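Report on the structure given below.
Note that ligands are numbered from 1 as they come in the structure, with each ligand's atoms numbered from 1 the same way. Every value quoted in this text rests on a predicted model; they were computed, and no experiment measured them.
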Amino acid sequence: MTHAALINPLRVRQDFSLLAPTEGGARLVYLDSAATSQKPNAVLEAMDDYYRCANANVHRGVYRLAQEATERFEDGRRAVAELVAAPLAGTIFTKNATEAINLVAWAWGLRTLRPNDVVMVTEMEHHSGIVPWQIVAKMTGAEVRFAPITPDGELDHEWIDHTLASAPVRMVSIVHVSNVLGTVNPVADIVARAHAHGALVLVDASQSVPHMPVSFAGIGCDFMAFTGHKMLGPTGIGVLVGRPEILDGMEPFLGGGEMIADVRTDGSDWADLPNKFEAGTPPIAESVGLGAACIYLSSLGLDAVRAHEVHLTTYALDALSEIDGLRIFGPRDPARRGGALSFHLPDLHPHDIAQLVDEDNVCVRAGHHCAKPLMRALGVNATARASTYIYNDTDDIDALVTALHRARAYFAR
Ligand SMILES: Cc1ncc(COP(=O)(O)O)c(C=O)c1O
């Protein structure tokens with residue numbers, strides 16, 4: 001028995017109403033989980049139950065309903081912290097991963113970076129790992145440098161080491177798993193090398209936390225960002241994990257209610273972590289949903305989730321390679337990549353691919369995937385991308401391949 005047998009996608013699909021076959025037997029082949037995952041009933045039910053039975057604002061009420069709401073909200077935080085081995089005080093809820101990275105860029109970067117300091121990002125970052133640093137670099141006089149990628153879609157580690165040794169790098173902001181290439185970067189190793197040169201490291205774990213065991217403590221980074229909606233949870237909630245000793249020394253990002261200890265006419269004092277970075281009413285139902293998502297993922301087992309991904313990626317790499325002229329981006333070794341698989345067909349525009357395979361109920365994404373510097377490095381304007389998750393099986397890959405042949409035949413007419 002292989003590890004992949006530990007996840008039974010047919011059984012998993014029963015937990016996702018949206019993936020149920022229609023009365024006519026048609027079924028959605030959802031291959032866009034890198035954009036957002038579908039949500040299991042356990043998540044929907046937890047959020048529904050919260051609104052029906054426990055809705056109140058948190059942290060403010062002494063009545064029992066408000067205490068119940070606060071408990072459910074904080075249970076969500078505990079589930080998230082446990083999933084990624086993060087300190088509870090350093091587990092901060094944001095709107096999404098984008099806001100989590102902006103929080104660090106603004107609250108840490110704006111006050112810390114000096115002219116000519118370097119923020120190292122990579123060519124394979126999502127725009128959310130680039131633009132916040134560009135904005136803050138412009139305001140501080142710091143410089144954003146991009147670690148290049150090799151032809152097979154890995155980071156150029158020689159360039160990274162050379163730059164760490166020769167430039168005043170203060171922050172390395174790096175994606176764990178690329179949403180385009182699928183590349184799994186050796187983040188723990190990069191953290192050790194960056195720390196040796198005095199730089200802090202932010203890991204964008206948006207595409208790794210949903211798919212594999214990820215430990216904040218194990219990676220050893222200073223900050224980690226991820227987003228609820230890609231890991232079976234709702235939209236509207238993201239997570240920044242930070243080392244409490246660094247967060248303690250930072251000024252708040254946003255000001256308002258919830259994040260204060262005292263407000264006077266001559267100034268204010270900040271609440272303890274994590275509330276100091278959670279201004280205003282937080283995403284309460286979303287925390288409840290995200291907590292349920294973490295419990296669901298843990299019940300499947302993240303090792304099994306990852307083994308299933310490697311199994312499907314192996315199958316997909318083989319199946320897609322048989323299509324004449326199809327170019328696959330990123331590492332060829334399934335063990336070195338996640339479940340996002342970008343490809344290019346010389347005679348078909350990615351948008352035509354996405355539109356035509358949709359006629360066969362196959363959902364794939366087309367475009368620049370919020371990674372324009374990477375598109376330029378790859379020499380393309382856009383790619384088509386299929387991305388798998390726990391509810392996909394090899395039948396879904398076969399459906400994609402059949403739909404691609406049909407799309408090609410349509411244009412050859
Ligand atoms: C690697 C990576 N980082 C960050 C993000 C941004 O996530 P969000 O839009 O939820 O902030 C994404 C979303 O596609 C992503 O793939």
Side-chain angles (χ1 to χ4, degrees), residues 30-39 43 80 84 92-106 121-135 146-147 149 153 155 172-185 187 190 201-212 214 219 221 223-241 253-254 283 286-287 289-290 293 309 329-331 337-342 354 363-375 377-378 382-389:
Y30 187 73
L31 291 170
D32 196 20
S33 293
T36 198
S37 71
Q38 296 301 337
K39 321 301 174 199
V43 168
V80 172
V84 297
I92 296 160
F93 285 137
T94 59
K95 192 169 63 184
N96 45 38
T98 303
E99 189 179 276
I101 300 171
N102 271 277
L103 192 162
V104 179
W106 286 90
V121 300
T122 80
E123 276 182 346
M124 66 170 85
E125 293 315 297
H126 187 278
H127 293 162
S128 61
I130 298 172
V131 183
W133 294 116
Q134 286 177 329
I135 293 172
F146 287 76
I149 55 162
L155 287 175
V172 177
S173 187
I174 183 181
V175 72
H176 191 181
V177 175
S178 161
N179 64 316
V180 177
L181 302 167
T183 315
V184 181
N185 288 316
V187 281
I190 294 170
V201 182
L202 183 155
V203 172
D204 174 359
S206 301
Q207 297 288 351
S208 56
V209 167
H211 296 272
M212 58 187 67
V214 173
I219 292 170
C221 56
F223 300 103
M224 189 164 89
F226 50 101
T227 201
H229 66 95
K230 294 187 202 288
M231 53 186 291
L232 308 178
T235 54
I237 187 165
V239 183
L240 174 71
V241 179
F253 171 42
L254 300 171
E286 290 77 7
S287 167
L290 185 54
E309 177 172 81
F329 300 96
R337 57 178 304 151
L341 228 152
S342 292
C363 306
V364 299
R365 187 145 294 247
H368 54 65
H369 314 294
C370 295
K372 282 196 149 201
L374 178 58
M375 293 294 118
L378 297 173
T383 73
R385 181 187 71 187
S387 52
T388 59
Y389 206 12

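- In this structure, Ser128 has a heavy atom closer than 4.0 Å to ligand 1.
- Within ligand 1, the atoms closer than 4.0 Å to a non-hydrogen atom of Gln207 are 1 (C), 15 (C), 16 (O), numbered from 1 in the order shown.
- Across Met124 and Ile149, no two heavy atoms sit closer than the pair CE-CG2, 3.7 Å.
- Judged purely by atom type and a 3.5 angstrom limit, His127 uses its side chain to pair as donor or acceptor with the backbone of Ala371.
- Residue contacts with ligand 1 leave out His369, since none of its heavy atoms falls under 4.0 Å from the ligand.
- The nearest pair of heavy atoms linking Ile101 to Pro132 is CG2-CG, 4.2 Å.
- Lys39 contributes a side-chain N or O that, together with a main-chain N or O of His229, makes up a donor-acceptor pair within less than 3.5 Å.
- Side chain of Arg385 to main chain of Asn179: a donor-acceptor pair is present (N/O by atom type, distance under 3.5 Å, no hydrogens or angles).
- For His229, every heavy-atom contact with ligand 1 shorter than 4.0 Å involves the side chain, none the backbone.
- Residue-level proximity to ligand 1 for Thr227 is carried by the side chain, the only part with a heavy atom below 4.0 angstrom.
- For ligand 1, the atoms lying closer than 4.0 Å to a non-hydrogen atom of Asn179 are 16 (O).
- Among protein heavy atoms, atom 15 (C) of ligand 1 sits closest to His126 CD2, 3.4 Å.
- Of all the atoms in ligand 1, the ones that sit under 4.0 Å from a non-hydrogen atom of Val175 are 1 (C).
- In terms of N/O distances under 3.5 Å, ligand 1 is approached by Ala97.
- The aromatic ring centres of Phe226 and His176 sit 6.0 Å or more apart.
- For atom 14 (O) of ligand 1, the closest non-hydrogen atom on the protein side is Lys230 NZ, 2.6 Å.
- Nearest protein heavy-atom neighbour of atom 8 (P) of ligand 1: Thr98 OG1, 3.6 Å.
- Contact record, Ala97 with Thr227: N-OG1, 3.3 Å, taken as the closest heavy-atom pair.
- Counting protein heavy atoms only, atom 2 (C) of ligand 1 is closest to Asp204 OD2, 3.4 Å.
- Residue-ligand proximity: Glu99 is placed with every non-hydrogen atom at 4.0 Å or more from ligand 1.
- Taking the side chain as every heavy atom from C-beta outward, Thr36 and Tyr30 approach each other to under 4.5 Å.
- Proximity of a side-chain donor or acceptor of Glu125 to a complementary backbone N or O of Val121 within less than 3.5 Å is not detected.
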